[in-house]
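Take a look at the structure set out below.
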Amino acid sequence: MPSGLSIGERIMKWLGRAVFWLITLVIILIVATALVVQTSWGTKQVSALISDNTRYKVSLSAISHSLSSPSLISLSDVSISTVSGDFALEAANVELTLDWRSFSEPGWFARIIVQKGDIEISDAADSSTLPVSAGLLQLNQTALRRTDGNRVIDAEGVTGGITPWQPQGSDLTGNGKYQFSANSLNYYGLPLKNILTQGEVSGKQFTFDNLTATLENGLITATGRRSAEGQWQLDNLLLNDIRWQTPQTLTQLADSTENLPDIQARNITATNIKLEGHQWAVNYLEGTVKNLAFKQGRWQTDNGQADIAAADLTLSGQHFSDIISTLELRGDQIAVNRLTGRYDKSILRFTGEWNRATRTLDITSGVADNLLYSLPEQWFATLQEAAPQGIDAIRLQDIKVSNALLIDTQPVFPFQLTNVNGYIKTMQILKSGQWGLWDGELSVSAGNATFNRVELHRPYLTLTAGADSAATTQFAASAGEGLLKMQFQATPSGTAPFSFTLQATGADSQILSQWGWQPAPLTGSANYTLHLNGQLRAEDIRSTLSGMLSGQDKQGNQINRAITQGQMSNTPGSAEPVPSAPPAQRVIPDNSETGEIL
């Protein structure tokens, strides 16, 4: 050692050599550690060390590092999960890229790439669950599953990234720009495919400048944003060529919308849509909806508008076509400014209003022209029961029916009315969930009718209903050479008690037997009167019938029979005056409301 060096210089030279050898030793240790870690034994030790001393369960098959890419660490066959179960990752390969910031901020990486992964996150996960962040988080062919209570978001084949990725608190995305594609996405039960989206994310709020996806071979295009509260705000939503099927009924489908997130749409356009469910279907649906929001399955708007058309609509076996509607939605009300369509060969036109708060449907005008309608199999039993939940009242006003055909093909008592014309000035047909007639007037006539093989000609009736009862003011028909005049009165509340009187003049004496009554000891033409009282809402209406049948034919044969519990006695009842037989005639009323002769 040169004698010219001072003590300070000697110390500094010694320190330099010590630091050099220390750095060399550290490098050797790092290289040795890296070499050891990359061995199968070393990888297992690292996995065990993390699993035993943290809340994570970690499994790795290999850790790779190359001096040619010193900032890159590659992990193979990765399996990471939390003990609490709120996060799990399995991936074929995870690449971690370091930069100088990684040494000053533990958990920071310049880039994280997950390849062929499977990630599952619950709604309980937060930034403490994932204490890592990156300048770029990139996913390649990765499956994502997010559970939110009973709701699940499931995506397959996700490729894309977000930059930067910095989870904060309960927000797992941070603030950044993103672009992703996915092979499939099940969003709250909605099966989407070929998804492509890009935009920006800020906390729990994100915008999508462009979102495209296919649904049942159709195309969905949207722009908008999702608020921090989870509400979707759609500026534009285009639905095109969608073919969607579900096993649900319309009621079940409506109930399922309560599980959807809140949606607010400025403009929705649909073209060439086909939808099908249990006992319902819509073909070639087109239209626009503006300024409409859905919250927990209920619409909310103060200025909503909808113009909707459909080529075909099937409801419970009933087929409608060429449907056009114009709606306005404000608060709890939907104003039906126009609803037209075809039922078989008939033309239907209606206007009205639905009030959700009072569950009342007001049909303010309606026209049914050339209507051909076969009554459903259980139509009378349906009218005896309460209406479906969700509707309490139906009120009709200014309803016109012309040239209609009404058919009931039930074998017990089939009937048919042809060339039916009618007018309802006002009438309430559903009140407090019960079917009936209240507060209104109606008139109906037909060219011909057949009731259980008894032919009637030009039947007509007029009826007036009040708050507590309904009664016919005119009710008559021709039967062969005879005339039938009838009176009917009913109370729609409770068991719906009613009274009915049939007065036949010069009519076939066997009409009643064809209508199910015991044959009368009369022959040929006769004059007879039938009085009945009963209850329309009884399970067996006939068993509630009581009354009297009295009559006389041209040969002088008479009948006076009491009716009890729907059975006619064989013993004479108290005699009632039998009407004489004037010439069969009737007066056709002039309906001044419609200008038509009924």
Side-chain angles (χ1 to χ4, degrees), residues 187 190-192 211-224 232-246 248-251 253-254 256-257 260-277 279-295 297-316 318-343 346-356 361-367:
Y187 187 79
L190 191 64
L192 303 175
L211 171 66
T212 62
T214 59
L215 174 63
E216 301 298 339
N217 299 320
L219 179 65
I220 295 177
T221 304
T223 59
W232 290 85
Q233 299 172 338
L234 304 177
D235 296 329
N236 290 284
L237 174 62
L238 173 62
L239 309 173
N240 185 46
D241 284 329
I242 292 175
R243 308 291 186 264
W244 188 61
Q245 290 182 319
T246 175
Q248 295 177 314
T249 65
L250 277 177
T251 301
L253 183 62
S256 67
T257 60
L260 292 176
D262 298 342
I263 299 174
Q264 183 176 357
R266 292 184 180 179
N267 184 67
I268 301 176
T269 302
T271 58
N272 199 24
I273 307 297
K274 289 186 177 182
L275 309 174
E276 184 176 353
Q279 294 188 336
W280 65 274
V282 182
N283 289 325
Y284 302 107
L285 176 69
E286 297 187 354
T288 60
V289 178
K290 296 182 179 180
N291 304 321
L292 186 62
F294 284 93
K295 187 173 184 179
R298 294 168 61 89
W299 84 80
Q300 292 184 348
T301 183
D302 291 326
N303 60 342
Q305 297 179 348
D307 293 287
I308 301 173
D312 295 283
L313 170 65
T314 301
L315 293 173
S316 300
Q318 304 298 320
H319 179 246
F320 302 86
S321 61
D322 300 334
I323 301 164
I324 301 175
S325 63
T326 301
L327 313 175
E328 292 184 5
L329 298 90
R330 287 180 173 82
D332 287 321
Q333 296 180 330
I334 298 179
V336 183
N337 297 331
R338 178 189 184 191
L339 177 58
T340 64
R342 293 181 177 273
Y343 179 83
S346 64
I347 298 175
L348 307 175
R349 296 194 301 272
F350 296 98
T351 62
E353 183 176 274
W354 164 252
N355 189 306
R356 178 175 57 186
L361 175 63
D362 283 296
I363 300 178
T364 54
S365 68
V367 173

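Atom CD of residue Gln300 and atom CG of residue Leu329 lie 12.0 Å apart, to the nearest 0.5 angstrom. Expressed to the nearest 0.5 Å, how far CG of Leu238 lies from CG of Asn267 amounts to 9.5 Å. In this structure, Asn272 CG and Asp241 CG are separated by 4.5 Å, a value rounded to the nearest 0.5 Å. To the nearest 0.5 Å, atoms CD (Gln333) and CD (Glu353) are separated by 4.0 Å. Put simply, CD1 on Ile323 and CZ on Arg342 are 12.0 Å apart, with the number rounded to the nearest 0.5 Å. In this structure, CG on Leu313 lies 10.5 Å from CG on Leu275, to the nearest 0.5 angstrom.
Evaluation of the ring-ring contact (aromatic ring centres under 6.0 Å, His included) rule for Phe320 yields Tyr343 as partners, not counting sequence neighbours. Take Asp262 and apply the salt bridge (charged side-chain N to carboxylate O under 4.0 Å, His left out) test, not counting sequence neighbours, and it matches no residue. In this structure Tyr187 satisfies the ring-ring contact (aromatic ring centres under 6.0 Å, His included) test together with Trp232, sequence neighbours excluded. Residues forming a side chain to side chain donor-acceptor pair (under 3.5 Å) with Thr340 (at least two apart in sequence, or on another chain): none. Under the salt bridge (charged side-chain N to carboxylate O under 4.0 Å, His left out) criterion, Asp307 pairs with no residue, sequence neighbours left out. For the salt bridge (charged side-chain N to carboxylate O under 4.0 Å, His left out) test, no residue two or more places apart in sequence or in another chain qualifies with Glu276.
Here the side chain of Trp244 pairs no donor or acceptor atom with the backbone of Ile273 at under 3.5 angstrom. Thr301 contributes a side-chain N or O that, together with a main-chain N or O of Asn291, makes up a donor-acceptor pair within less than 3.5 Å. A distance-only check finds no donor-acceptor pair linking the side chain of Arg356 to the backbone of Arg298 [under 3.5 Å]. Judged by distance alone, the side chain of Ser325 and the main-chain N or O of Ile308 form a donor-acceptor pair under 3.5 Å. With Thr246 contributing its side chain and Gly277 its backbone, the two residues share no donor-acceptor pair below 3.5 Å.
Annotation: side chain of His319 is in contact with side chain of Asp312 (closest heavy-atom distance under 4.5 Å). For the pair Glu216 and Pro191, the minimum side-chain heavy-atom distance is below 4.5 Å. The shortest side-chain heavy-atom distance between Val336 and Leu327 falls under the 4.5 Å cut-off. Leu215 places none of its side-chain heavy atoms less than 4.5 Å from the side chain of Leu239.
Of all non-hydrogen atoms in Leu192 and Ala213, the two that sit nearest each other are CB-CB, 4.3 Å. Considering every non-hydrogen atom in both Ala222 and Leu237, the closest pair reads CB-CD1, 3.8 Å. Closest non-hydrogen pair, Leu253 versus Gln248, comes out as CD1-OE1, 3.3 Å. Scanning all heavy atoms of the two residues, the minimum distance from Gly331 to Trp299 falls at O-NE1, 3.1 Å. The shortest heavy-atom contact between Thr351 and Ser365 is OG1-OG, 2.5 Å. Here the shortest heavy-atom pairing between Trp280 and Leu315 reads CB-CD2, 4.0 Å.
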### Task
Run the numbers on Ile242 and Leu285 for side chain to side chain contact (heavy atoms under 4.5 Å, CB included), then give the verdict.
CA-CA 10 Å; Ile242 292 175; Leu285 176 69; over 6 Å; no
### Message
Would Ile268 and Leu234 count as a side chain to side chain contact (heavy atoms under 4.5 Å, CB included) here? Give the steps.
### Response
CA-CA 8 Å; Ile268 301 176; Leu234 304 177; 5.6 Å; no
